[in-house]
Engineer: 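This structure is in structure tokens; I'll ask about it shortly.
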Amino acid sequence: MSDKMAMDVLHSTQVVIEQALQRLGYQQDMIELLKEPIRVLTVRIPVRMDDGATRIFTGYRSQHNDAVGPTKGGVRFHPMVSENEVKALSIWMSLKCGIADLPYGGGKGGVICDPRTMSFRELERLSRGYVRAVSQIVGPNKDIPAPDVMTNSQIMAWMMDEYSRIREFDSPGFITGKPIVLGGSKGRETATARGVVIMIEEALRLRGIPVKGARIAIQGFGNAGSYLAKFMHEAGSCVVGISDVHGALYNKDGLDIEYLLDRRDSFGNVTNLFKQTMTNEELLELDCDVLVPAAIENQITGENASRIQASIIVEAANGPTTLEATRMLSDKGVLLIPDVLASAGGVIVSYFEWVQNNQGYYWSEQEVDDKLRLMMIRGFEHVYDIHRTRGVDMRLAAYMAGIRKLAEAVRFRGWV
Ligand code: GLU
């Protein structure tokens with residue numbers, strides 16, 4: 001995201017936070033506190049590259065608010081990371097944790113880099129350097145990182161190892177999304193997609209469309225998008241379109257998802273291997289039942305919202321729809337399941353991972369999936385209920401559900 005775009009995204013988030021708190025009856029002082037993160041750290045990370053030269057990377061960690069408990073959220077490695085983006089993302093993490101009723105506030109980190117052009121060892125040195133740089137403000141009871149865009153379980157393993165060395169004791173609860181052998185949770189890798197599937201099922205039920213045969217278009221073939229395609233395909237839905245940074249593939253009778261998953265690389269690239277039948281922009285405007293933006297921010301905007309044909313949009317990515325587009329889609333009667341609800345599966349299972357680490361007792365995949373389903377459905381019912389009874393759109397309803405517990409905790413602590 002460009003700096004200007006990140007500023008707009010942060011501003012839009014603050015506008016909805018303000019509306020949500022006003023609707024809940026809070027005064028200006030609470031709004032002033034919760035509109036901004038309480039702590040943002042910028043770090044410079046020197047990394048020895050394979051050719052012997054040293055490159056200095058810039059990274060961030062933003063903590064929105066820790067009144068409920070430690071802050072929680074991923075770390076992204078991406079060339080367009082910026083301070084404002086990380087700030088907005090940390091606020092969204094507070095909302096996700098609030099909706100799912102987890103004992104956390106929101107946090108988010110990022111490093112400006114392009115992991116696609118870095119070697120395995122360069123990535124290791126960068127991951128360890130990031131942890132050394134932010135170690136003062138993170139920890140199992142302070143702020144718990146996790147994977148996000150272009151970071152994975154290997155990176156979490158290096159980060160956990162570095163943190164454990166600094167603290168001189170094994171600290172699996174410092175970070176989630178780890179490999180299973182290092183205290184990762186069963187079901188974490190698939191959690192975001194599983195959560196999105198549950199939201200799609202609920203939305204289809206409300207609209208009276210059977211899951212079997214429902215036409216789904218998915219933008220993005222990363223962790224969330226690829227597993228989602230797999231699960232929807234297995235459930236008998238017809239995945240008519242998928243895309244990645246290079247372009248999109250389309251088949252009105254359904255794509256061969258197993259084959260595409262098999263050919264996908266670890267960054268989610270696959271369409272470059274085929275004759276692309278569509279652009280990313282066209283994919284969003286496909287004639288389908290459910291559109292799932294599962295890539296990056298600002299994809300559905302005031303410019304293309306009127307051309308969207310799907311009657312259900314489930315946001316698997318963070319921030320894919322602008323506020324203007326949200327308004328236009330709500331006016332058109334599109335059922336929109338907002339990001340802070342739809343993509344909460346990842347952080348919910350991260351919470352399970354942290355609980356298992358703290359207990360030293362590990363659950364079966366079935367147990368994880370069952371508990372995830374319960375929490376997603378409870379979150380959905382809560383948000384949908386606010387939407388109906390308070391007459392607000394689904395995004396504002398989700399913000400109201402997500403911010404209430406945090407505001408209450410702030411009030412009880414006497415901060416405002
Ligand atoms: N990065 C994921 C998100 O945006 C997961 C965060 C976590 O597991 O803490 O929700």
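Both ligands and their constituent atoms are indexed starting at 1 by order of listing.
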Engineer: Just checking, Lys72 and Trp354: is the charged tip under 6.0 Å from the six-membered ring centre and within 45° of the axis?
Structural biologist: no
Engineer: Ring pair (Phe, Tyr, Trp, His ring centres under 6.0 Å) with Phe221: which residues, sequence neighbours excluded?
Structural biologist: none
Engineer: In this structure, is the centre-to-centre distance between the rings of Trp158 and Phe120 below 6.0 Å?
Structural biologist: yes
Engineer: Within ligand 1, which atoms have a heavy atom of Ala146 less than 4.0 Å away?
Structural biologist: 6 (C), 7 (C), 8 (O), 9 (O)
Engineer: Counting only heavy atoms, tell me which of Lys72, Lys96, Lys108, Arg188 gets closest to atom 5 (C) of ligand 1.
Structural biologist: Arg188
Engineer: Check whether any side-chain N or O of Thr71 sits under 3.5 Å from a backbone N or O of Gln63 as a donor-acceptor pair, and report yes or no.
Structural biologist: no
Engineer: Within ligand 1, which atoms have a heavy atom of Gly346 less than 4.0 Å away?
Structural biologist: 8 (O)
Engineer: What protein heavy atom sits nearest atom 8 (O) of ligand 1, and how far away is it?
Structural biologist: Ser350 OG, 2.5 Å
Engineer: May I ask you to decide if Glu297's main-chain N or O and Gln299's side chain share a donor-acceptor pair within less than 3.5 Å?
Structural biologist: yes
Engineer: With a 4.0 Å heavy-atom cut-off (strictly under), which part of Arg76 contacts ligand 1: side chain, backbone, both or neither?
Structural biologist: neither
Engineer: Should the ring pair Tyr384 and His387 be called parallel, tilted or perpendicular, given that the plane angle runs from 0 to 90° and is split at 30 and 60?
Structural biologist: tilted
Engineer: Just checking, Arg44 and Phe57: is the charged tip under 6.0 Å from the six-membered ring centre and within 45° of the axis?
Structural biologist: no
Engineer: Is it the side chain (CB and beyond), the backbone, both or neither of Asn318 that lies under 4.0 Å from ligand 1, heavy atoms counted?
Structural biologist: side chain
Engineer: Could you tell me whether Pro147 approaches ligand 1 through its side chain, its backbone, both or neither, with non-hydrogen atoms closer than 4.0 Å?
Structural biologist: backbone
Engineer: Show me which atoms of ligand 1 lie under 4.0 Å from any heavy atom of Met93.
Structural biologist: 3 (C), 4 (O), 6 (C), 10 (O)
Engineer: Using a strict 4.0 Å cut-off to heavy atoms of Val347, name the atoms of ligand 1 that fall inside it.
Structural biologist: 7 (C), 8 (O), 9 (O)
